Number of protein chains: 2
Amino acid sequence: MKYDFDMKNLCPATFSFQVIGGKWHLPLMAILSENETIRYNDLKRRLDGITATTLTNALKELIAHGVVRREAFAEVPLRVEYSLTESGKELVPLIEAIVTWGGRHMPEIEPF
Amino acid sequence: MKYDFDMKNLCPATFSFQVIGGKWHLPLMAILSENETIRYNDLKRRLDGITATTLTNALKELIAHGVVRREAFAEVPLRVEYSLTESGKELVPLIEAIVTWGGRHMPEIEPF
DNA sequence: CCTGTAGGTATGTTTTTTGATACTAAGTAC
DNA sequence: GTACTTAGTATCAAAAAACATACCTACAGG
């Protein structure tokens with residue numbers, strides 16, 4: 001998402017929102033939060049339907065924002081492990097709080 | 001954002017995320033949270049750069065999700081007031097928590 | 001040599017979201 | 001009757017995000 005309006009006091013909001021703002025970022029973080037570390041192809045399998053390009057981009061963004069860590073091991077075949085950083089782990093309960101809110105208020109809209 | 005993957009246990013997440021997921025939804029809620037009620041054109045002026053089409057769509061989505069209320073008064077010229085519902089007000093501190101997180105962790109990425 | 005695995009990249013297309021521009025209705029003020 | 005206001009709508013164009021497909025490197029197994 002590209003922002004061009006002035007965000008003097010919303011700037012941290014923009015930052016936060018960019019972290020959770022991609023289509024796959026939230027599911028991705030959910031899976032990462034359930035695993036100490038996880039490998040690229042395992043992640044890809046768990047995120048059913050994601051393409052390699054999109055997964056790679058999402059991971060790069062999360063890494064650039066400091067919430068995900070990438071560790072490559074010089075093994076054969078190559079092993080690459082992804083995990084949440086401390087900053088990323090801090091974000092998880094906040095996301096969960098918003099999800100809990102969703103759980104409480106979704107029924108008001110469309111009963112299920 | 002359109003989701004097509006299976007979200008059995010992420011469904012409230014999808015809901016929550018759709019609420020805050022548009023480019024203007026967060027700024028819009030921020031302004032709504034600062035005013036008891038606010039009129040369409042005032043909102044438009046405060047959200048510098050938004051087009052009528054986009055503002056109208058964003059408001060419709062927020063209303064459909066139950067976080068914003070629209071009240072039209074049969075005056076001349078027509079007056080329409082927007083405000084947060086109770087459910088919308090509950091969401092505000094949660095969003096703020098995520099923004100606070102952003103404020104704490106943004107500096108780690110790019111000093112300012 | 002051919003195939004398979006892991007972790008991607010390159011290139012182009014489609015889908016989704018947002019924006020630009022013009023226009024509308026109803027009434028008041030001039 | 002012309003202009004101005006509010007709160008939008010309609011139509012089309014542009015931009016952004018995601019997807020599809022093919023391909024790459026390095027090594028192992030057969």
Side-chain angles (χ1 to χ4, degrees), chain A residues 1-7 10 14 17-29 31-32 35 37-65 68-83, chain B residues 1-7 10 14 17-29 31-32 35 37-65 68-83:
Chain A
M1 210 168 287
K2 285 282 157 66
Y3 294 94
D4 47 276
F5 47 82
D6 186 11
M7 283 225 167
L10 278 174
T14 310
F17 198 57
Q18 282 176 352
V19 172
I20 60 171
K23 174 171 179 177
W24 298 94
H25 292 204
L26 226 44
L28 219 164
M29 291 197 70
I31 292 173
L32 286 166
N35 298 268
T37 68
I38 187 165
R39 301 177 65 171
Y40 181 86
N41 277 335
D42 289 338
L43 216 37
K44 190 158 174 295
R45 273 183 285 272
R46 301 276 302 266
L47 292 167
D48 198 44
I50 199 172
T51 60
T53 314
T54 305
L55 176 54
T56 302
N57 286 343
L59 285 168
K60 278 180 180 164
E61 284 166 40
L62 292 173
I63 290 165
H65 288 119
V68 167
R69 178 174 33 236
R70 177 187 187 274
E71 288 177 283
F73 299 87
E75 295 177 6
V76 163
L78 178 57
R79 180 163 56 104
V80 178
E81 291 188 345
Y82 292 93
S83 55
Chain B
M1 212 169 287
K2 285 281 158 66
Y3 294 94
D4 47 277
F5 47 83
D6 185 14
M7 282 224 170
L10 278 176
T14 311
F17 198 57
Q18 282 176 353
V19 172
I20 59 171
K23 175 171 177 177
W24 298 94
H25 292 203
L26 227 44
L28 219 164
M29 291 198 69
I31 292 172
L32 286 166
N35 298 271
T37 69
I38 187 165
R39 299 179 65 173
Y40 182 87
N41 277 337
D42 289 338
L43 216 37
K44 188 159 174 299
R45 272 184 285 271
R46 300 277 302 268
L47 292 166
D48 198 44
I50 199 171
T51 61
T53 314
T54 305
L55 175 56
T56 302
N57 287 342
L59 285 168
K60 279 181 179 165
E61 285 166 40
L62 292 173
I63 289 164
H65 287 119
V68 168
R69 178 174 31 238
R70 177 187 187 275
E71 287 176 285
F73 301 86
E75 296 177 5
V76 163
L78 178 58
R79 178 164 55 104
V80 178
E81 291 188 346
Y82 292 92
S83 55

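Residue numbers begin at 1 in each chain, while the letters A, B, ... track the order of the sequences. Treat the numbers as computed from the prediction; the structure is a model and nothing was measured. Reckoned from all heavy atoms, side chains included, excluding hydrogens, waters and symmetry mates.
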Checklist entry - Got a salt bridge between A/Arg39 and A/Asp42, using NZ or NE/NH1/NH2 to carboxylate O under 4.0 Å? => result no
Checklist outcome for this item: Residue pair A/Pro77/A/Glu61 against DNA chain D: nearer the 5' end by closest nucleotide is A/Glu61
Checklist entry - Which of residues 37-46 of chain B have a heavy atom under 4.0 Å from DNA chain C? => result none
Checklist entry - How long is the line joining CG of A/Leu26 and P of D/dA18, in whole Å? => result 12 Å
Item to check | Candidate nucleotides D/dA7, D/dG8, C/dG8, ranked by approach to the side chain of B/Thr56 - the nearest | outcome: D/dG8
Checklist entry - To the side chain of B/Leu78, which of D/dC19, C/dG7, D/dA7 is closest? => result D/dA7
Checklist outcome for this item: Side-chain contact check for A/Ile50: nearest option of D/dC19, D/dA7, C/dG7 is D/dC19
Checklist entry - With A/Glu75, which residues qualify under side-chain hydrogen bond (donor to acceptor under 3.5 Å, both in side chains), at least two apart? => result A/Arg79
Next on the checklist: For a side-chain contact (heavy atoms from CB on, under 4.5 Å) check, start with the C-alpha distance between B/Leu59 and B/Arg70, then their side-chain angles and the critical distance, and finish with the verdict.
Outcome noted: CA-CA 9 Å; B/Leu59 285 168; B/Arg70 177 187 187 275; over 6 Å; no
Checklist entry - Any side-chain heavy atom of A/Leu32 sitting closer than 4.5 Å to one from A/Arg69? => result no
Checklist entry - Toward the 5' end of DNA chain D, which comes first, A/Ala52 or B/Ala52, by nearest nucleotide? => result B/Ala52
Next on the checklist: Between C/dA10 and A/Thr53, counting only base atoms on the nucleotide and side-chain atoms on the residue, is there a donor-acceptor pair under 3.5 Å?
Outcome noted: yes
Checklist entry - Looking only at heavy atoms, what is the nearest atom pair of B/Leu62 and B/His25, with distance? => result CD2-ND1, 4.0 Å
Checklist entry - Taking it one step at a time, do B/Thr56 and B/Lys44 satisfy side-chain contact (heavy atoms from CB on, under 4.5 Å)? => result CA-CA 10 Å; B/Thr56 302; B/Lys44 188 159 174 299; over 6 Å; no
Item to check | Nucleotide D/dG8, atom C1' - distance to CZ of B/Phe73 in whole Å | outcome: 17 Å
Next on the checklist: Please pick, from D/dG8, C/dG19, D/dC19, the nucleotide with the shortest atom-to-atom distance to any side-chain atom of B/Tyr82.
Outcome noted: D/dG8
Checklist entry - Which sits closer to the 5' end of DNA chain C, A/Val80 or B/Gly49, going by the nucleotide each is nearest to? => result A/Val80
Next on the checklist: Taking the minimum atom-to-atom distance to the side chain of A/Lys60, which one of C/dT9, D/dC27, D/dG8 wins?
Outcome noted: C/dT9
Item to check | A/Lys23 side-chain proximity, nearest of D/dA18, C/dA20, D/dA7 | outcome: D/dA18
